[in-house]
Amino acid sequence: MQRVFNFAAGPATMPLEVLEQAQKDLTNYKDVGMSVMEMSHRGNDYEKIHNHAKETLKELLKLDDDKEILFLQGGASTQFTMIPMNLLEKDDKASYLISGSWAKKAYNEAKLLANPEIISSSEDDNFTYIPEFDAKKVNKDSKYIYICTNNTIYGTAIRPSKLEKFDINKPLVADMSSNILSENYDMNKFDLVFAGAQKNLGPAGVTIVIIKKDLLSGISNIPTMLDYNTHINKNSMFNTPPCFAIYMCSLVLDWLKKNGGVDNIEKVNAKKAKLLYDFLDNSKLFNNPVKKEDRSIMNVVFTTGNKDKDMEFIESATKNGLYSLKGHRSAGGMRASIYNAMSYEGVEALVNFMKKFEKENS
Ligand SMILES: *Cc1c(COP(=O)(O)O)cnc(C)c1O
């Protein structure tokens, strides 16, 4: 069987070129005589891969020198705990924008440790829009603002042009799991950013954390593995890092750099999203429930409005080599995740198939 177009939300499609490079290196990496999987993480060969991944990420995101890049385990979900644990004392406040269920999960974890507050939420309309950010609603004692820039499940995003309003002289923390490196955000506006790798960066198993060094205020009694300082002080090698996942990310980052970096992929991503949204806006069968200005360019949700028809579409698409289009169980309908590694041709194939399906079902 040939490779399919994989629209999965994560783990997600990766560039074929990267997979082939990994295959070539699999048993004998650069004539070292062993696989990256078999190398000591304390050895020179691995250390080069590790530092190269960091440098390439720093370059692609145009990060200032006061930012530290960490490679951690436990998924993006562990950051929901680590953030309040490292930034809040027991009675401290923080402000959360509840734009989807990942942000809500982060808020609920913070509640176990401190006193987070909700700025606003769009749950009343099943997260089909980005809730309003009113700076006046932020408690003056709040220690940070927490946002999720791309809501993977609901297909909404806080696009770069909307970031400015969060600039209110408080640390800005962002979950960018599903749109890091997809378009040009001013990354130095954030004090802490995290992203599970399995959406736009590589395979599952590593989470990227970018943290401004002076954000940590010296809270004590943090369990060692959950303390950012532990990992900052040891270049993410306090214990064994997920070496192979980091190596795969380094290949993806090289691929992105070779293809013009974020400046170029942003154009490709915009073109892909436009193709799909333009079709949806003119379709008599499919529709997208998201408020237009809040549309994600990474996850595009749509439905026919009829559950059986949706299921028929998903099954028929699968038979035609268009995989994993089923929406998240909490949103229903369909979702096409069109991350960096999804080609324009993939989106074109999807739109052509949708046109055909629409014709046959009208
Ligand atoms: C997938 C996802 C997560 C959860 O990631 P895990 O690595 O599975 O914990 C968190 N936030 C967002 C925005 C996501 O898309």
Problem - Point-to-point distance, once rounded to the nearest 0.5 Å, from OH of Y46 to CE of M237 - result: 6.0 Å

Handout entry: Where Y185 and I158 come nearest, the two heavy atoms and their spacing
Key = OH-O, 2.6 Å

Problem - Qualifying residue for side-chain contact (heavy atoms from CB on, under 4.5 Å) with L192, from I211, N86, I210 - result: I211

Exercise for the section: Give a yes/no verdict on a cation-pi contact between K105 and W102, requiring under 6.0 Å between NZ or CZ and the six-membered ring centre and an angle within 45° of the axis. Expected result: yes

Side-chain donor/acceptor pairs under 3.5 Å, residues 62-72, sequence neighbours excluded:
unit_1 : atom_1 : unit_2 : atom_2 : d
D64    : OD1    : N188   : ND2    : 3.2
D65    : OD1    : K58    : NZ     : 2.4
K67    : NZ     : N188   : OD1    : 3.4

Handout entry: Greater than 12 external heavy atoms within 6.0 Å of K189's NZ
Key = no

Exercise for the section: Kindly indicate, with the supporting measurements, whether the criterion side-chain hydrogen bond (donor to acceptor under 3.5 Å, both in side chains) is fulfilled by N299 and Y154. Expected result: CA-CA 8 Å; N299 309 96; Y154 307 96; over 6 Å; no

Problem - Exam field: side chain S283 to backbone L280, donor-acceptor pair closer than 3.5 Å - result: no

Handout entry: Beyond-backbone contact of L256 with L181, side-chain heavy atoms, under 4.5 angstrom
Key = yes

Practice task
Kindly compute the distance separating CE (M187) from CG (L60), expressed to the nearest 0.5 Å.
Solution key: 11.0 Å

Practice task
Identify the two heavy atoms, one from L113 and one from P84, that lie closest to each other, and give their separation to 0.1 Å.
Solution key: CD1-CG, 3.9 Å

Problem - Side chains of T81 and E109, donor plus acceptor under 3.5 Å - result: yes

Practice task
Using atom types as modelled and distance alone, determine if a side-chain donor or acceptor of N235 lies under 3.5 Å from a backbone N or O of H231.
Solution key: no

Practice task
Tell me, yes or no, whether the heavy-atom count around R42 atom CZ, taken from other residues, nucleotides or ligands under 6.0 Å, exceeds 12.
Solution key: yes

Practice task
Kindly write out the residues that satisfy side-chain hydrogen bond (donor to acceptor under 3.5 Å, both in side chains) with S182, not counting sequence neighbours, or none if the list is empty.
Solution key: none

Handout entry: F353 ring center within less than 6.0 Å of F313 ring center
Key = yes

Which pairs of donor and acceptor atoms, one on a side chain in residues 2-15, lie under 3.5 Å apart (sequence neighbours left out)?
unit_1 : atom_1 : unit_2 : atom_2 : d
N6     : OD1    : A8     : N      : 2.9

Handout entry: Interatomic spacing from CG in N108 to OG in S101 - rounded to 0.5 Å
Key = 10.5 Å

Fill in the blank from the handout: When rounded to the nearest 0.5 Å, the distance separating CD1 of I130 from SG of C148 is 8.0 Å

Enumerate, atom names and distances included, each donor-acceptor pair closer than 3.5 Å involving a side-chain atom of residues 315-327, sequence neighbours excluded.
unit_1 : atom_1 : unit_2 : atom_2 : d
T318   : OG1    : I314   : O      : 2.7
N320   : ND2    : S316   : O      : 2.8

Handout entry: Set of ring-ring contact (aromatic ring centres under 6.0 Å, His included) partners for F194, sequence neighbours left out
Key = none

Completion exercise
Looking only at heavy atoms, the pair that brings Q73 and T240 closest together is NE2-O, 3.2 Å

Practice task
Give a yes or no answer on whether the side chain of N151 reaches the backbone of A157 with a donor-acceptor pair at less than 3.5 Å.
Solution key: no

Handout entry: Flag, side chain of K143 to backbone of L87, donor-acceptor distance under 3.5 Å
Key = no

Problem - Set of residues satisfying side-chain hydrogen bond (donor to acceptor under 3.5 Å, both in side chains) with respect to Q21, sequence neighbours excluded - result: D25

Problem - Check: P223 main-chain N/O paired with D227 side-chain donor or acceptor under 3.5 Å - result: no

Handout entry: Min side-chain heavy-atom separation Y247-M37 under 4.5 Å
Key = no

Practice task
Specify whether F133 and F166 have parallel, tilted or perpendicular ring planes, treating 30° as the upper limit for parallel and 60° as the lower limit for perpendicular.
Solution key: tilted

Problem - Flag side-chain contact, heavy atom, 4.5 Å: F127 against T156 - result: no

Exercise for the section: Please step through side chain to side chain contact (heavy atoms under 4.5 Å, CB included) for the pair L88 and N115, ending with a clear verdict. Expected result: CA-CA 9 Å; L88 302 178; N115 254 329; over 6 Å; no

Fill in the blank from the handout: Sorted by chain and number, sequence neighbours left out, side-chain hydrogen bond (donor to acceptor under 3.5 Å, both in side chains) with N126 holds for none

Exercise for the section: Would you kindly say whether S122 and D125 are connected by a side-chain donor-acceptor distance under 3.5 Å? Expected result: no

Exercise for the section: Find the distance between OH (Y339) and NZ (K272) and round it off to the nearest 0.5 Å. Expected result: 11.0 Å

Atom pairs and distances, donor-acceptor, side-chain atoms in residues 170-178, under 3.5 Å, two or more places apart:
unit_1 : atom_1 : unit_2 : atom_2 : d
K170   : NZ     : K140   : O      : 2.8
K170   : NZ     : S142   : O      : 3.0
D175   : OD1    : S177   : N      : 3.0
D175   : OD1    : S177   : OG     : 2.8
S177   : OG     : G196   : N      : 3.2
S178   : OG     : N150   : O      : 3.1
S178   : OG     : N150   : ND2    : 2.8
S178   : OG     : T152   : OG1    : 2.7

Exercise for the section: Could I get the full list of ring-ring contact (aromatic ring centres under 6.0 Å, His included) partners for Y129, not counting sequence neighbours? Expected result: none

Exercise for the section: Could you pull out the closest heavy-atom pair between A245 and V206, with the gap in Å? Expected result: CB-CG1, 3.9 Å

Practice task
Would you check if M82 and V209 make a side-chain contact, meaning some heavy-atom pair closer than 4.5 Å?
Solution key: no

Exercise for the section: Using side-chain hydrogen bond (donor to acceptor under 3.5 Å, both in side chains) as the criterion, list what pairs up with Y107, not counting sequence neighbours. Expected result: none

Handout entry: Partners passing salt bridge (charged side-chain N to carboxylate O under 4.0 Å, His left out) against E59 (at least two apart in sequence or in another chain)
Key = K257

Fill in the blank from the handout: With M85 as partner, the option from N221, L226, I219, L112 fulfilling side-chain contact (heavy atoms from CB on, under 4.5 Å) is L226

Practice task
Spell out, as yes or no, whether a donor-acceptor pair under 3.5 Å connects the side chain of K93 to the backbone of E117.
Solution key: no

Handout entry: Ring geometry between F302 and F286 (parallel below 30°, tilted from 30 to 60°, perpendicular above 60°)
Key = perpendicular

Problem - Under the salt bridge (charged side-chain N to carboxylate O under 4.0 Å, His left out) test, residues paired with K292 that sit two or more places apart - result: D281

Exercise for the section: Determine the minimum heavy-atom distance between V252 and G202, stating which atoms define it. Expected result: CG2-CA, 4.3 Å

Handout entry: pair L26-F244: side-chain heavy atoms closer than 4.5 Å
Key = yes

Handout entry: Between CG on residue N259 and CG on residue D254, distance to nearest 0.5 Å
Key = 11.0 Å

Exercise for the section: Give a yes or no on whether the backbone of H41 and the side-chain of H50 come within a donor-acceptor separation of less than 3.5 Å. Expected result: no

Exercise for the section: Evaluate the side-chain proximity of N200 to N179: yes if any heavy-atom separation is below 4.5 Å, no if none is. Expected result: no

Practice task
Using distance alone, with no hydrogens and no angle criterion, decide if N239 and K234 have a side-chain donor and acceptor under 3.5 Å apart.
Solution key: no

Problem - Heavy-atom pair with the smallest gap, counting every atom of K162 and K165 - result: O-CG, 3.5 Å

Practice task
Considering only NZ, NE, NH1 and NH2 on the basic side and carboxylate oxygens on the acidic side, decide whether E123 and K104 come within less than 4.0 Å.
Solution key: yes

Problem - Side chain to side chain, L350 and L276, heavy atoms closer than 4.5 Å - result: yes

